[in-house]
Amino acid sequence: MALGAGALPQLWADVNRCGQTGDYSRALKTITKLLKEDKDNVTALHCKVVCLIQQGSFKEALQLIQGQTKVLSTDVVGFEKAYCEYRLNRMENALKTIEATAEKSCKLQELYGQVEELGIPENTYELCYNAACTLIGQGKMKEGFEKLKKAEDLCRQSLTEDPDVAEEELQDELSVIHVQMAYVLQRRGFTEEALQLYSQVVKGRPSDVGPLAVAANNIVTLNKDQNIFDSKKKIKLTCAEGVENKLSKKQQRAVNLNRALLAMHTHQSDQCKQLVQNLRESFPHDPLPVLVLTALYHHEKQQNMALQVLQDFCNKNADSSLVKLAIAQLNLAQGHLSAGTEILRSIDHWKFCPGMVSALVMLYSHQEDVSTAVEVLNEATWWYQKHEPGSPVYLRLMKESANYKIRHSRENEAVADLEQLWKQNPEDMKTLAQLISAYSQLDAQKAKKLSKYLPATDCISLKVDVDQLENSYGMTHMRKRNVKPMEKQLQPQAELGRKKKQKKKKKKGKLPKSYDPNNGPDPERWLPMKERSYYRGKRKTKKKEQIGKGTQGSTTGGATELDASKGVSSPPASPRPGSGGASNVVPPRQQKPSTAGTKKKAKKKKGGKGGW
C-alpha cells in the first residue's frame, strides 16, 4: 500500500526524533516503511546501518553494506563498515577499509588509532588510562582493570617525584582512575570492594565534580532500597553546580532516574512525580520513567491510576514490550487472568522465549483452556524448528510439548513431536518408549513395528547393587530392618534355634499408699469429686467472722456489746505516751480468735486420683 504525499515527511520526522532520544528500535521500524517506498534511498539505507550498529547487530549491518555496494559506497559508509569489521575482530579488513576511504574524518582517524598498532608507548598514566578505557569499552573488564592498576602506579610515581605536589593533589588526580576501577569491580560483582573505592573518592571530595557525581550515583545503585539515609546524602552530590557540563545526556538520564526511584522509596511522591515529568519531557519514548511512575502508584494502592498511565503510554508507543509486560503483570495481580494472558501473548519481542512460553501454557492450563496452550506450544516449536533447528532449547521444548500433550490425552498430537525427537537422536530409548506407548493408543501395528528397535532383554545389563538398594533411605524409611552383624548371619539355623527368646517381664502397677486389700476400690472413683454421693462441699471456717471487718479498733463482739443504749460504760482513755500507765485492754489486732468450733484442715493424702 503506497504512502500519501504527507506521510513521508512525517516518517522522516519520526526517524529524526528517535535518533535524538536514542530509540533506535523504533527508528528501524520507521526506516523499514520508508524503504518499502524507495528501496535504493541512500539516506534511509545509511540510517538503517546506523540503527543496526547502535543495537549491536554488527553482522547484520555489515551484510547490509555488502549487499548494497552500488548504493552504499565506501565514501558514504566507510566509517560504519570499518567499525563493524573492528567490532567483529576483523582487524585486517577494518584497516583496509579505513585506508580505502578517501575522506579521513576525525572519527575515522580515531578508529584508525584503535585498529592499528601505532607503537605509542604507554609510559604516562594518561595514555595507560586511555588504553584501559578502550579495553573496558570492548567488554574486556579484567584486562582493563590491570591497565588501570598500571596507570595508578605510573600516576603515583610521576607525581611523588615532584616535591611541590601534595598528597591531596595526588588523591585528586587519582580520583578518576579510582572511579573507573570501582566501576569495573562493580560490573564484575565485587560490590564491597567497589563501594570502598567509591566511598574513598567521595570522602576526598575531588575538585572535578564529574568523578564525584559518578561515584555518588553508583553508591546509590549499590545501596538499592537499603541504607536510604546514606543514599539521600549521596544523591545531593549529583545535583552540584557544573555537573550537567561534565555528564553526558545518557548519564544525566541515569542519575535522574535514580533520584526518582530514591524519592519513591522515601515516600516523597510529589518530588518523584516532578522528576518523572521532567524525564518524560526530555525522553518521550523512554519507558523507564513511566514504569517508575507506575511503581509509585502501585505502592500507593492506586492500581487504576497505574494501569491508566501504562495504557496511555502504550497507545502512543505500541511497540513498547516493557510497558505491555507491566500491564499484564498488574492485570494478573488483580486476578484478571484472561486479560493478562492475552496481553502477554501479544508481546512479539518475547513471544517465543522459553520463559514466556512456559508462563502462557501455565496460565491457559489454569483457565482449563488446553487447546490454546497446545497452540502456544506448537507455534513455539515451529519457530525454533525454522530458526534454531537442533538447538538445546528446541529439543527441550519438543520434549515438554510431547509430555504436555500426553498428560492431557492428546496422543495423536504428541506423536509428531516424539517422532521428530527420535529422528534427532535415534539412540534415545526413552523417547522411543514414549512413542511406542503413544502409538499403542492409536495404531497397534505401528507400535509393534517400532518395538523392534528396542534393545533385546539379553543386551540389557542393569548394574544395580541390591544390598545398597535395600539399605537406601527409601527402603529403611518404609520398613524397619533389623540388620544383624555378619557373624550372626553366618551362624547355622540349628544353633540359632536353640537359643530361647527372652520374654519381657511385665511391670506391676503401683498401688496407692492408702490401699486396703480387705476393702474394694471406691466405685465412684471415676466421677469428679463434686458429683460423688458423699461430697459435702467445702466447710466454711469461722475465722472470717472473728476478724473485724469494720474500722480500725472495732471489736469482734456481738451487736449488743456495741449498742450504746445498753448503758455500758465507756472504756478508760488510753494512757498518754510516757505516762507509764498500763492498760488491761487488748487491742483488736492482738486478740486471738476463739478456736472453739473450728477444726484443723485434714492433710490431703498422696495417692491416686480417686483414692480407695
Which one of Thr238, Asn218, Asn217 satisfies the side-chain hydrogen bond (donor to acceptor under 3.5 Å, both in side chains) criterion with Asn258?
Asn217
Check ion pair Asp230-Lys234 (N to O, under 4.0 angstrom)
yes
Please examine the side chains of Tyr297 and Glu300, heavy atoms only from C-beta on, and report whether any two atoms are closer than 4.5 Å.
yes
Counting only N and O atoms by type, is there a donor-acceptor contact under 3.5 Å from the side chain of Asn315 to the main-chain atoms of Gln311?
yes
Quick one: does Asn16's side chain have a donor or acceptor within less than 3.5 Å of a partner on Trp12's backbone?
no
Are any non-hydrogen side-chain atoms of Ser199 and Leu195 less than 4.5 angstrom apart?
yes
Any sub-3.5 Å donor-acceptor pair from Glu85's side-chain atoms to Ala94's backbone N or O?
yes
Using a cut-off of 6.0 Å, state whether more than 12 heavy atoms not belonging to His298 lie near its atom NE2.
no
Between Phe58 and Tyr83, how do the two ring planes meet: parallel, tilted or perpendicular, split at 30° and 60°?
perpendicular
Please examine the side chains of Asp23 and Asp286, heavy atoms only from C-beta on, and report whether any two atoms are closer than 4.5 Å.
no
Rounded to the nearest 0.5 Å, what separates atom CG in Asn331 from atom CD in Glu342?
11.5 Å
So which heavy atom on Leu418 is nearest to which on Ala402, and how close?
CD2-CB, 3.7 Å
Between Leu360 and Arg345 the two heavy atoms that sit nearest each other are CD2-N, 4.0 Å
So, taking the atom named CD1 in Ile219 and the one named CD in Gln186, what distance separates them when rounded to the nearest 0.5 Å?
10.0 Å
Are any side-chain N or O atoms of Thr266 and backbone N or O atoms of Leu262, one a donor and one an acceptor, separated by less than 3.5 Å?
yes
Are more than 12 heavy atoms from other residues, nucleotides or ligands located less than 6.0 Å from atom NE2 of His336?
yes
Within the distance-only criterion (no hydrogens, no angle test), does the side chain of Tyr364 pair as donor or acceptor with the backbone N or O of Thr341 below 3.5 angstrom?
no
Passes side-chain contact (heavy atoms from CB on, under 4.5 Å), Ser282 versus Leu279? Steps please.
CA-CA 5 Å; Ser282 302; Leu279 283 169; 5.8 Å; no
I'd like to check His349 versus Lys324 (side-chain heavy atoms, cut-off strictly below 4.5 Å). Are they in contact?
no
d(Leu95 CG, Arg90 CZ) to nearest 0.5 Å is 15.5 Å
Looking only at heavy atoms, which two atoms of Ala182 and Ala194 are closest? And how far apart?
O-CB, 3.4 Å
Any side-chain to backbone donor/acceptor pair from Ser358 onto Gly355? Under 3.5 Å, distance only.
no
Between Pro354 and Tyr384 the two heavy atoms that sit nearest each other are CD-OH, 3.5 Å
Do Ser248 and Gln251 pass the side-chain contact (heavy atoms from CB on, under 4.5 Å) test, and can you show the C-alpha distance, the side-chain angles, and the key distance before you say yes or no?
CA-CA 5 Å; Ser248 64; Gln251 289 175 322; 3.3 Å; yes
Separation between CD1 of Ile327 and CG of Leu322, rounded to the nearest 0.5 Å
11.5 Å
Could you pull out the closest heavy-atom pair between Leu293 and Arg280, with the gap in Å?
CD2-NH1, 4.1 Å
Taking CD in Gln55 as the centre, count heavy atoms belonging to other residues, nucleotides or ligands within less than 6.0 Å. Is the count above 12?
yes
Flag the pair Lys140 and Glu143 as a salt bridge only when some basic side-chain nitrogen lies within less than 4.0 angstrom of an acidic carboxylate oxygen.
no
Do any side-chain atoms of residues 38-50 form donor-acceptor pairs under 3.5 angstrom with protein atoms, and if so which ones, sequence neighbours left out?
{"residue": "Asp38", "atom": "OD1", "partner": "Asp40", "partner atom": "N", "Å": "3.4"}
{"residue": "Asn41", "atom": "OD1", "partner": "Thr43", "partner atom": "N", "Å": "3.1"}
{"residue": "Asn41", "atom": "OD1", "partner": "Ala44", "partner atom": "N", "Å": "3.2"}
{"residue": "His46", "atom": "NE2", "partner": "Glu80", "partner atom": "OE2", "Å": "3.1"}

Indicate whether any N or O donor in one side chain lies under 3.5 Å from an N or O acceptor in the other, for Gln274 and Asn278.
yes
Cys272 and Val292 have their tightest heavy-atom pair at SG-CG1, 4.1 Å
Are any side-chain N or O atoms of Ser391 and backbone N or O atoms of Tyr394, one a donor and one an acceptor, separated by less than 3.5 Å?
yes
Carefully, step by step, assess Asp14 and Lys33 under the rule side-chain contact (heavy atoms from CB on, under 4.5 Å).
CA-CA 12 Å; Asp14 291 343; Lys33 296 179 182 179; over 6 Å; no
Measure the acute angle between the ring planes of Tyr404 and His408, then classify it against the limits of 30° and 60° as parallel, tilted or perpendicular.
tilted
Just verifying a value: how many Å separate Lys405 NZ and Glu413 CD, rounded to the nearest 0.5 Å?
5.5 Å
Side chain proximity check, Leu363 to Leu344, heavy atoms < 4.5 angstrom
yes
To the closest 0.5 Å, what do you measure between OG (Ser57) and CD (Gln63)?
10.5 Å
Pairing of Arg396 and Glu400 as salt bridge, 4.0 angstrom limit:
yes
Show the numbers, then the answer: is there a side-chain contact (heavy atoms from CB on, under 4.5 Å) between Leu325 and Ser321?
CA-CA 6 Å; Leu325 189 64; Ser321 302; over 6 Å; no
Let me know which of Leu72, Thr97, Thr69 forms a side chain to side chain contact (heavy atoms under 4.5 Å, CB included) with Val77.
Leu72
State, with a plain yes or no, whether a side-chain heavy atom of Gln367 is found less than 4.5 Å away from one of Ser338.
yes
Heavy atoms, side chains only, cut-off 4.5 Å: are Thr294 and Val323 in contact?
no
Just wondering, do Val290 and Val276 contact through their side chains at under 4.5 Å, heavy atoms?
no
So, the side chain of Ser365 versus the backbone of Val361: is there a donor-acceptor pair under 3.5 Å, distance only?
yes
Applying salt bridge (charged side-chain N to carboxylate O under 4.0 Å, His left out) to Lys81 and not counting sequence neighbours gives none
Look at Lys273 together with Asp270 and state whether they make a salt bridge at an N to O cut-off of under 4.0 Å.
no
Does Glu379, at its CD atom, have more than 12 non-hydrogen atoms belonging to other residues, nucleotides or ligands within less than 6.0 Å?
yes
If you draw a 6.0 Å radius around CD in Glu192, do more than 12 non-hydrogen atoms from other residues or ligands fall strictly inside?
no
Could you verify whether a donor N or O on one side chain and an acceptor N or O on the other, from Asn317 and His285, lie under 3.5 Å apart?
yes
